[in-house]
Amino acid sequence: MDNNERNHNQSSDSFYSYNNGTNQNGTSQNNGAYSANGAYQNGSAYGQNGGTYQNGGTYQNGGTYQSGTQNNSAYGQNGGTYQNGGYQQQFYQSQGAGNAAYGQNPSGKKEKKRREKRERKPGGFGMKLAKCAALALVFGLVSGTVFEGVHLASGQIFGDSDPTVAATGSVLTQSDSNTKIEATGASSSYVASDVSDIVEAVMPSIVSITNVSESQYQSFFGGTQTQQSTSCGSGIIVSQDADNLYIATNNHVVEGADSLTVAFSDNTTVSAEIKGTDPSTDLAVIRVALSSIDSDTLNTIKVATLGNSDDLKAGQAAIAIGNALGYGQSVTTGVISALNREVTVSDSNSNTNYTAELIQTSAAINPGNSGGALLNAAGEVIGINSVKYADTSVEGIGYAIPISTAMPIIEDLITKEKVDEADSAYLGIGGVDVTSDVAKTYNMPTGVYVAQVKENSAAEQAGIQKGDIITVFDGKDVSSMEDLSSKLQYYKAGTTVDVTIQRSSNGQYEEQTLSVTLGKKN
């Protein structure tokens, strides 16, 4: 969301010629640049006494860089580099490097170049061209025949290759053994870099979420003061019924909200409320009353099409859409970098810790992207963007909750209704969070450490004891006391559920599942 986004001049004189002095008698000496039948002649910058392209044209006197190209110019004097044949008359000619490097000529005299007249020989260029074409044709026919013969012969000896795999190039070595390792094949699939059509189709199902909350802090002069803060995130329209529109997002996007505002793709905004949260998986659902959405916006927005994250492969295209930095919806692209990455996330604001197997992607996940969609090349939602790995030494590592994991939880949050407080269930314990850091330090399971069991409570009657660690409640992982309390809001007193605990025995924790009939808080 997000403020809560989790855990990254060369010396040796000048390059200009020295003859008659640089910039004497006018800029670019003695007749200036572009004079006397060629560019840079007779003392121009970067080459004097017959510089590059002299006496009438490019590459004169019979060949590339011959007799005049770069005379006394930079890196060549009196014929210079490549003069009168490849590397002839020394590199840095006339006294070696002296008086040659950087185009110096102590004599200060121009060298006159003579153009030799060529005799036109019988037959001329046309005849030569015809002979070359004939030779090329003969060579092509012979080489083609030989190549095809070798191909047919190798096919008879080694057998035809699999037509479904096209090798990208010839292998460097070929084994003579009977065990043959196939060469890699060229992929027949292609993913276009232009994803604008996918984005255009999916964008109406993505929303921006603004969370306004109030927090208290101790002032410098003592006393408690209240400060209002605003954070942002994203959401995905996943469902609707006759009265409401349901939007899936992250729990940390909506946590602690005093008010929530949703902005649709057409920039219209409406108020929203939290339908349900599951801190242990960092998932939440908010709802918007359809009556609060104007007709034009209703005709614009869409419900997202959900894919199957179980079918993903590393290397497949990934597109992330979300309210990055709170500027509005933006798009990033990348690939699925890895699957089933076990990631432990800690939220310092709520002391919530959870460990989950997430999708790793190179598509940039930035603050504000949380709760947005991770899409495949078909435009289907395959993940809910959740967290980025932030470190100065890390680039391009973001995570998303797999949609196949998230959907059962989201459906549960949509369908379940919170119970009135008068009928709400009560377990009867006092608990302390066992975070991942504490669990590693003391070799304990993560969950809720039972610090107190109330007398005659549902927990005591079910056999829960002080020192037990509650890890699962009614089939759902428990990550904190807040998470457990959040789950209890959906259960009426008198409901029987299974509670999984870890109990210490001889220094080792053993798992037990207890049946608990939830009580009613007096």
Side-chain angles (χ1 to χ4, degrees), residues 4 6 213 215-216 250-258 274-285 344-356 409 412-413 416 418-419 421 423-493 495-504 509 511-522:
N4 297 329
R6 273 74 62 86
S213 61
S215 58
Q216 294 183 338
N250 289 138
N251 177 64
H252 74 266
V253 171
V254 300
E255 187 175 35
D258 291 313
I274 297 175
K275 174 63 175 67
T277 62
D278 188 358
S280 65
T281 57
D282 195 27
L283 289 170
V285 172
T344 300
V345 180
S346 300
D347 187 347
S348 59
N349 290 335
S350 63
N351 294 320
T352 300
N353 296 269
Y354 70 94
T355 300
I409 300 169
D412 201 33
L413 294 175
K416 275 190 174 181
K418 290 183 180 180
V419 177
E421 189 173 353
D423 297 324
S424 61
Y426 180 66
L427 184 58
I429 66 161
V432 178
D433 298 346
V434 181
T435 66
S436 57
D437 290 339
V438 171
K440 289 178 182 177
T441 302
Y442 297 102
N443 194 28
M444 301 167 67
T446 58
V448 172
Y449 176 85
V450 179
Q452 180 185 14
V453 179
K454 300 292 181 66
E455 188 177 355
N456 296 323
S457 65
E460 184 184 58
Q461 293 175 8
I464 296 176
Q465 302 174 7
K466 181 180 178 180
D468 291 345
I469 298 176
I470 299 174
T471 57
V472 179
F473 180 86
D474 196 21
K476 300 178 180 64
D477 292 340
V478 174
S479 60
S480 65
M481 192 64 190
E482 181 189 11
D483 182 25
L484 180 58
S485 298
S486 177
K487 288 177 168 58
L488 283 167
Q489 296 179 81
Y490 298 96
Y491 293 85
K492 285 185 177 182
T495 305
T496 301
V497 297
D498 287 337
V499 177
T500 300
I501 63 167
Q502 296 277 352
R503 180 170 293 169
S504 179
Y509 280 92
E511 184 176 284
Q512 297 182 33
T513 300
L514 305 175
S515 180
V516 180
T517 301
L518 299 173
K520 185 176 181 180
K521 188 174 183 179
N522 296 326

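Listed for the Thr277 side chain is no donor-acceptor partner under 3.5 Å among the backbone atoms of Asn251. Side-chain N or O atoms of Asp423 include none that pairs as donor or acceptor with a backbone N or O of Lys492 at under 3.5 Å. A donor-acceptor pair is defined here as one N or O able to donate and one able to accept, closer than 3.5 Å; no such pair exists between the side chain of Asp498 and the backbone of Gly475.
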Distance-only check: which donor-acceptor pairs under 3.5 Å involve side-chain atoms of residues 464-474, not counting sequence neighbours?
residue: Asp468; atom: OD1; partner: Arg503; partner atom: NE; Å: 2.9
residue: Asp468; atom: OD2; partner: Gln465; partner atom: N; Å: 2.8
residue: Asp468; atom: OD2; partner: Arg503; partner atom: NE; Å: 3.4
residue: Asp468; atom: OD2; partner: Arg503; partner atom: NH2; Å: 2.8
residue: Thr471; atom: OG1; partner: Thr500; partner atom: O; Å: 3.4
residue: Asp474; atom: OD2; partner: Tyr491; partner atom: OH; Å: 2.3

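Within the 4.5 Å cutoff, the side chain of Met481 has heavy atoms near those of the Ile429 side chain. Looking at Asp278 and Lys487, their side chains come closer than 4.5 Å, going by heavy atoms from C-beta outward. Between Leu518 and Leu488, the closest side-chain pair of non-hydrogen atoms falls below 4.5 Å.
The shortest heavy-atom contact between Gly428 and Ala459 is O-CB, 4.1 Å. Nearest heavy atoms, Val419 versus Ser424: CG1-N, 3.9 Å. When all heavy atoms are compared, the tightest approach of Thr496 to Ser515 is CG2-OG, 3.3 Å. For the pair Pro445 and Ala439, the tightest heavy-atom approach, listed with the atom from each and the gap, is C-CB, 4.3 Å. Looking at every heavy atom in both residues, Leu514 comes nearest to Ala462 through CD1-O, 3.8 Å. The shortest non-hydrogen separation linking Val254 to Ala284 is CG2-CB, 3.8 Å.
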For this session: Check the pair His252 / Asp282 against side chain to side chain contact (heavy atoms under 4.5 Å, CB included), numbers first and verdict last.
Result: CA-CA 7 Å; His252 74 266; Asp282 195 27; 2.9 Å; yes
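With Leu484 as reference, Val478 is the one residue of Val499, Val478, Asp433 to meet the side-chain contact (heavy atoms from CB on, under 4.5 Å) rule.
Atom CD in Glu255 sits 9.0 Å away from atom CD1 in Ile274 (nearest 0.5 Å). Separation of atoms CG (Asp477) and OG (Ser280) is listed at 6.0 Å; rounding is to 0.5 Å.
Pairs passing the side chain to side chain donor-acceptor pair (under 3.5 Å) check and including a residue from residues 443-458, sequence neighbours excluded, read Tyr426-Lys454.
Residues forming a side-chain hydrogen bond (donor to acceptor under 3.5 Å, both in side chains) with Glu460 (at least two apart in sequence, or on another chain): none.
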